[in-house]
Amino acid sequence: MSDSLPLELSATMQRRRAAWVLVSLALLALLALVWALGSGEMAAGPADILAALSGGDSMAATVVRELRLPRALAAFACGGLLALAGALMQVLLRNPLADPYVLGVSGGASVAALCAMLLGLGALWIDAAAFLGALAAMGCVFGLARGEGSWTPTRLLLTGVVVAAGCGAVVSLLLTLAPDRTLRSMLFWLMGDAGAVTQPWPALIGLALGLALSLPAARELNLLARGERVARALGVATLRLRFGVFLVASLLTALAVTTVGAVGFVGLVVPHLLRLALGNDQRVLLPGSALAGGCLLLMADTLARTVVAPIQLPVGVLTALLGVPVFLWLLSRGPR
């Protein structure tokens, strides 16, 4: 009895801490959304934001509702998609350096999107090409990693790295052959840009579905993170679980890349930070990563369009500038 009491107190404290962090992230997301809607060349106050959300027809309300709101929602949703996919990939591969792009999904999307740009296709066709390219890369990696037998995380990782390297070479070739009139738009797409988003709902729906599919498997993911033998001994169908995690994480990444391009560091850094704050319980880490990733990309996109206005920076540049020092700080804490 005396030994179980400290364990119960520790578990209660962990639950309270997790709840506090999740509530704080939700409030931060709300504040980041208000900041994004109010920032720009035409400043909008709380009254303008409320008027925009309630259907007002003033100039400021129209700008907020038709220009800033779709972009802000898309940035939040795609940040959540990337962070959630990164957390799933790190469990799947049991590698803290895994991120949503490690299996070549973004490389396939980039090749297909740049080809569509070279052909002069419209935005809708570019998005469709990017999504199909991501699916093609996903199928290629899984098929090659499996070979004639059952695939392992190591084979999957190595195959993804090779496919990503091949896609990177093709991207470099396409950029070399691209005419000057399309080169800038191609570079913006590769570095991430939410400025052209008009329909954020597919990304928001994808984020909700991703959480709905991954959270019921959180207990099994906790066991898988301890090792495949441990998970199998405790009754987890590891092959089915790994395939499901790979499929969900790849589809989330494909949807995010299709919406805002290849934005880096969100899926790598955010799960690490949340793991330091919340521990490695996937029941808390997965929703926390979605919230934190959405906040990070939303704030980075707001800075990208306001810090040197009227010039708009690629949002991927801001996430890299924020992610590199944070990741180096995490590495410096490793030995301790």
Side-chain angles (χ1 to χ4, degrees), residues 71 74-86 88-89 97-118 123 125-138 140-141 160-176 178 182-197 200 202-203 206-207 249-271 293-294 296-298 300-301 304-305 312-324 327:
R71 178 169 181 167
F76 177 83
C78 291
L81 289 170
L82 292 173
L84 179 59
L88 291 174
M89 284 293 187
L97 295 179
D99 72 346
Y101 303 145
V102 71
L103 298 184
V105 175
S106 67
S110 300
V111 170
L114 295 189
C115 288
M117 292 180 185
L118 283 177
W125 289 104
I126 293 173
D127 292 343
F131 191 74
L132 292 176
L135 294 182
M138 179 180 69
C140 181
V141 169
V161 170
V162 171
V163 171
C167 290
V170 176
V171 167
S172 299
L173 177 62
L174 293 175
L175 291 176
T176 303
T182 59
L183 186 59
R184 179 179 174 82
S185 61
M186 294 168 72
L187 290 174
F188 258 76
W189 194 94
L190 288 174
M191 291 184 288
D193 182 26
V197 177
L207 179 59
S250 298
L251 289 176
L252 296 179
T253 305
L255 184 56
V257 173
T258 301
T259 306
V260 297
V263 178
F265 276 96
V266 176
L268 176 64
V269 173
V270 170
L296 175 60
L297 191 55
L298 177 55
D301 182 65
R305 64 179 176 82
Q312 294 196 26
L313 300 174
V315 67
V317 173
L318 270 298
T319 57
L321 291 176
L322 294 173
V324 168
F327 190 67

* T253 backbone acceptor or donor facing Y101 side chain under 3.5 Å -> no

So CG of L297 and CZ of F76: to nearest 0.5 Å the spacing works out to 10.0 Å

Residues passing the side chain to side chain contact (heavy atoms under 4.5 Å, CB included) test with A137, sequence neighbours excluded, are none

On a heavy-atom basis, the closest approach of V163 and C140 is CG2-SG, 4.4 Å

- Task: Mind running side-chain contact (heavy atoms from CB on, under 4.5 Å) on L175 and L183 for me, showing each step along the way?
- Result: CA-CA 7 Å; L175 291 176; L183 186 59; 3.9 Å; yes

T258 meets the side chain to side chain contact (heavy atoms under 4.5 Å, CB included) criterion, sequence neighbours left out, with D127, A130, F131

In short, A194 meets R71 closest at the heavy-atom pair O-CG, 3.5 Å

With a 4.5 Å limit on heavy-atom distance, are the side chains of T259 and V197 in contact? yes

Here the gap from D99 atom CG to S106 atom OG, rounded to the nearest 0.5 Å, amounts to 8.0 Å

Between the CG atom in L251 and the CG atom in L135, the distance rounded to the nearest 0.5 Å is 6.5 Å

For R305, the salt bridge (charged side-chain N to carboxylate O under 4.0 Å, His left out) test, sequence neighbours excluded, returns none

Contacts of A249 meeting side chain to side chain contact (heavy atoms under 4.5 Å, CB included) (sequence neighbours excluded), chain-then-number -> A85, L88, M89

Donor-acceptor list for residues 315-322 side chains, cut-off 3.5 Å, not counting sequence neighbours:
from	atom 1	to	atom 2	distance (Å)
T319	OG1	G264	O	3.0
T319	OG1	G316	O	2.9

Taken to the nearest 0.5 Å, the spacing of L296 CG from D301 CG works out to 11.0 Å

In short, A83 meets G293 closest at the heavy-atom pair CB-CA, 3.7 Å

Might you work through the side-chain contact (heavy atoms from CB on, under 4.5 Å) test for L268 and V102, ending with a clear yes or no?
CA-CA 10 Å; L268 176 64; V102 71; over 6 Å; no

d(L252 CG, C78 SG) to nearest 0.5 Å is 10.5 Å

Residues V111 and L174: closest non-hydrogen pair is O-CD1, 3.9 Å

To the nearest 0.5 Å, atom CG of L114 lies from atom CD1 of I126 at 9.0 Å

Decide side-chain contact (heavy atoms from CB on, under 4.5 Å) for L190 and S110; before the verdict, give the C-alpha distance in whole Å, the side-chain angles of both, and the deciding distance to 0.1 Å.
CA-CA 7 Å; L190 288 174; S110 300; 3.8 Å; yes

Scanning both residues in full, the closest heavy-atom pair of L255 with A203 reads CD2-CA, 3.9 Å

Shortest non-hydrogen pair, F188 vs Q312, comes out as CZ-O, 3.4 Å

Across all chains, not counting sequence neighbours, the side chain to side chain contact (heavy atoms under 4.5 Å, CB included) partners of T182 are L118, A178, P179, S185, M186

